[in-house]
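Everything on this sheet refers to the single structure shown next.
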Amino acid sequence: MSAFLEYCSNFWQLLTSIGLGDIFEILVVAYLVYRLLRMIQSTNTYRIAKAIVFVLLLSWTTGLAKLHTLNFLVGQVLQIGLIALVILFQPELRRVLEHVGGKSLKELLNVKQQVRELDTVIAQTVSACEVMSKEKTGALIVFERKVRLDEYFKTGTVIDGRVSEQLYRNIFFPKAALHDGALIVREDRVAVAGCVLPLSDNSHLSADLGTRHRAGVGVSEVSDAVVVIVSEETGTISVAVGGMLKRHLAAQTLERLLRNELVPTADNQPKTIGQRLRQSLKKKDDSHEK
């Protein structure tokens, strides 16, 4: 009993000794761990992460067992591995740094304008995909976000046109010159079409998926892009985000998913308590009027 009381006393002393600096450090470490877990979601990265954990355990075990030669060799592998990791995870690390950087002041001031433009983009995209799905017209539409896709622009043809259902359908018309490639949307404009994208080598993807789907998943693995795919064989609509593929989407589901991914969250969901309270009261007033 006395040991338990002593433990509780020590624990309470530890809690009371925590300062603002300690809390800040805990939050930073928790955020970094969260970003690391998000980064290793893809299958290939997960396999590499398991290999790293194995090498670390091997290093700890050989050090504990005083196997000096083996421990030295494992240590050298770890040193070389750090350099290899920076090279292998360059796209992921760039993505994390860009997220940490946050939004610029100009973007924050123009959120409402962005939302209006994105509303039009989403509506036109959903409408075009619904028609192309019924006609079984293949399509690959990439929405660029924070990670710029300039390297893929070189493989396509510059369009620089406002997003519209008719433009989508003209580009992906089966006899059109650019219908086999990917179309990249930057902000509210169709930037380029006919682009060649990297294919995913994820072995867990269904065997019935063709080049169009693998290209869509591939570019979502190396960037934060949102990719909409319409199957030429079945007409089904799919969306790839972060290396994950969601298939067999209805038009309403596609619209909701694009809105969740593309529209700034500050406009979708009020942040302050006052805003939430006003929104709640407005909903109640509307229900009473009905």
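Residue numbers run from 1 in the order of the sequence given.
A donor-acceptor contact shorter than 3.5 Å is absent between the side chain of Arg214 and the backbone of Leu199. The closest donor-acceptor contact from the side chain of Ser164 to the backbone of Leu167 lies under 3.5 Å.
With a 4.5 Å cut-off on side-chain heavy atoms, Leu178 and Ile159 count as touching. Using a 4.5 Å heavy-atom cutoff, the side chains of Arg212 and Ser231 are not in contact. You'll find the side chain of Phe153 stays beyond 4.5 Å of the side chain of Val158, heavy atoms only. Counting heavy atoms from C-beta on, the side chains of Phe143 and Thr125 come closer than 4.5 Å. With contacts defined as side-chain heavy-atom distances shorter than 4.5 Å, the pair Arg259/Val126 does not qualify. At a threshold of 4.5 Å between non-hydrogen side-chain atoms, the residues Leu258 and Glu255 do not count as touching. Taking the side chain as every heavy atom from C-beta outward, Ile141 and Val185 approach each other to under 4.5 Å. Side-chain contact between Glu233 and Asp208 is absent, with no heavy atoms from C-beta onward closer than 4.5 Å.
Distance check: Ile229 CD1 to Leu249 CG gives 9.5 Å after rounding to the nearest 0.5 Å. Considering OG of Ser206 and NE2 of His213, their distance stands at 9.5 Å, rounded to 0.5 Å. Rounding to the nearest 0.5 Å places CD1 of Ile122 at 10.0 Å from CG of Leu257. With values rounded to the nearest 0.5 angstrom, Leu140 atom CG is found 8.5 Å from Leu183 atom CG. Between atom OG of residue Ser220 and atom CE of residue Met244 there is a gap of 9.5 Å, rounded to the nearest 0.5 Å. Residue Glu232 holds its CD atom at 11.0 Å from OG1 of Thr211, rounded to the nearest 0.5 Å.
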Query raised in the report: Can you check side-chain contact (heavy atoms from CB on, under 4.5 Å) on Val228 and Ile237, steps first, answer last?
Result: CA-CA 7 Å; Val228 179; Ile237 302 172; 4.2 Å; yes
Query - Residues Val222, Tyr152; criterion side-chain contact (heavy atoms from CB on, under 4.5 Å); working and verdict - result: CA-CA 12 Å; Val222 299; Tyr152 305 117; 3.6 Å; yes
Report task. Check the pair Ile171, Val190 against side-chain contact (heavy atoms from CB on, under 4.5 Å), reporting the backbone distance first and the verdict last. Result -> CA-CA 10 Å; Ile171 290 172; Val190 175; 4.2 Å; yes
Query raised in the report: Between Arg162 and Thr120, does a side-chain contact (heavy atoms from CB on, under 4.5 Å) hold up when you go through it step by step?
Result: CA-CA 10 Å; Arg162 186 169 293 278; Thr120 303; over 6 Å; no
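Legend: residues meeting side-chain hydrogen bond (donor to acceptor under 3.5 Å, both in side chains) with Gln124, ordered by chain and number and at least two apart, are absent.
Classification of Arg186 and Asp160 as a salt-bridged pair fails, no side-chain N sitting under 4.0 Å from a carboxylate O.
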Side-chain donor-acceptor pairs of residues 127-138 under 3.5 Å, sequence neighbours excluded:
unit_1	atom_1	unit_2	atom_2	d
Ser127	OG	Glu165	OE1	2.7
Ser133	OG	Gly235	O	2.3
Glu135	OE2	Arg169	NH2	3.2

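Taking both residues in full, the closest heavy atoms of Glu144 and Arg148 are given as OE2-CA, 3.2 Å, listed atom of the first, atom of the second, then distance.
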